[in-house]
Amino acid sequence: MNVYFDNAATTKMSQVALDAMIPCLETVYANASSLHTPGQKSKEVLEKAREEIAACIGAQPNEIYFTSGGSEADNQAIVSAAKWGARRNKKHIISTTFEHHAVLHTLQKLEKEGYEVTYLDVHENGIVQPEEVAAAIRPDTCLVTIMYANNEIGSIQPIAEIGAVCKEKGVYFHTDAVQAVGHLSINVKEQNIDMMSASAHKFHGPKGVGFLYARKGILLSNIIEGGAQERGKRAGTENIPAIVGMAAALKNVLAHQEENAAKMTALRDRLIDGLLTIPHSKLNGDRTKRLPGNVNFCFEGIEGESLLLMLDMKGIAASSGSACTSGSLDPSHVLLAIGLPHEVAHGSLRLSLSEYNTQEEVDYVLEELPKIVTYLRNMSPVWDELEKGEKKHVI
Ligand SMILES: *Cc1c(COP(=O)(O)O)cnc(C)c1O
């Protein structure tokens, strides 16, 4: 059986998105900046997609800026707020220790340029409290950037409450919502979000396209200089077929959001309950305040990498954490952020589901995974030490 449980890394395109894109690739090729009729037709298609996407998150069309994906949107949001702050002598930013690298590396770059960043603790459950955000805000704070839902452990932040704190204190609030958009219902106005990043390939749209929502009145700075596309804020000829595919994918997942979430939550919980029966295993992240499709476990005495390879031989595609860090031997910064010791953080496994997965697939994984864990533990010198009592179990 082939099972794809790596939907947090990327998703398969939906048929709806493909059906929207293919004719568009064939016919809507004129440049949307051109004055001729085909160009104006492209412009119309582009603006219709913008309206549809805006409606999906409770925004106005002129608050949506198309980008190449989530990373670019994160970069642009943070750099824009930082530049705005610098002009007012506000060079302090608040974030968390477990953001995506698109956020963390942007912040690290700003630190080298003289900004100060407070990284809030995310605690064992991977959730920041709004009061902690309030306490960290200073007169020179220009931005709070906190992810909506974590890509590794799936924990969901109290975004509306954090947004309310920022609004009250007059500080910009950006959220990397790449894992949340299309999976949870979002309304940027009701949730007090000033800027929000999203990426199509995380909700069954195409890769290489995403958007930044920036509330009216926020002055964006360009990351990419050139033509006047996206109201002068993001140069480059628009990838209309991809944008159309993104809009179709988003409308489609949101039309089925409740039923998808119910289905995925049931599969997720079945998987979690089954895996918890493995001795010395631990679920990472909050048990309930987590994405419907996210399962993240540690198995003591096991290397995440070997687990992945053996699962792959059984046709199961999973991840040892974030796709961007796997391949390196460093344990995940997210698992370290929630307080796991290094040796345990190495043994993590992320299984991320989509609405296309089935109970048969979950049961297949529940049949194969415990056998692999036992096999690997029998070969592991660390497990041997634990069994002999030479080392203490941590989980
Ligand atoms: C995938 C992801 C990104 C990056 O999005 P791209 O479109 O691949 O650039 C950023 N943040 C989070 C939380 C993600 O899961």
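First listed ligand is number 1; within each ligand, the first listed atom is number 1. Both backbone and side-chain heavy atoms feed into the values below; hydrogens, waters and symmetry mates do not.
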Does the side chain of [X] reach to within under 4.5 Å of the side chain of [Y], using non-hydrogen atoms?
X	Y	value
D384	K388	yes
V344	P331	no
V144	K169	no

K207 atom NZ, over 12 foreign heavy atoms within 6.0 Å: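 Atom NZ in K207 is crowded, with more than 12 foreign heavy atoms closer than 6.0 Å.
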Pick out the protein N or O atoms lying less than 3.5 Å from any N or O of ligand 1, and list each pair with its distance.
from: ligand 1; atom 1: 7 (O); to: G70; atom 2: N; distance (Å): 2.8
from: ligand 1; atom 1: 7 (O); to: S199; atom 2: OG; distance (Å): 2.6
from: ligand 1; atom 1: 7 (O); to: H201; atom 2: NE2; distance (Å): 3.4
from: ligand 1; atom 1: 8 (O); to: H201; atom 2: NE2; distance (Å): 2.9
from: ligand 1; atom 1: 9 (O); to: G70; atom 2: N; distance (Å): 3.4
from: ligand 1; atom 1: 9 (O); to: S71; atom 2: N; distance (Å): 2.9
from: ligand 1; atom 1: 9 (O); to: S71; atom 2: OG; distance (Å): 2.7
from: ligand 1; atom 1: 11 (N); to: D176; atom 2: OD1; distance (Å): 3.3
from: ligand 1; atom 1: 11 (N); to: D176; atom 2: OD2; distance (Å): 2.6
from: ligand 1; atom 1: 15 (O); to: Q179; atom 2: NE2; distance (Å): 2.6
from: ligand 1; atom 1: 15 (O); to: K202; atom 2: NZ; distance (Å): 2.7

Hydrophobic cluster (4.5 angstrom, side-chain heavy atoms) - remaining members for L104: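 ILVMFWY cluster around L104 also holds Y65, I78, W84, I93, V103, L107, L110, Y115, V117, Y119, L143, Y172, M195, L212, I218, L220.
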Stepwise, does the side chain to side chain donor-acceptor pair (under 3.5 Å) test hold for T106 with N75? CA-CA 6 Å; T106 305; N75 275 256; 3.2 Å; yes
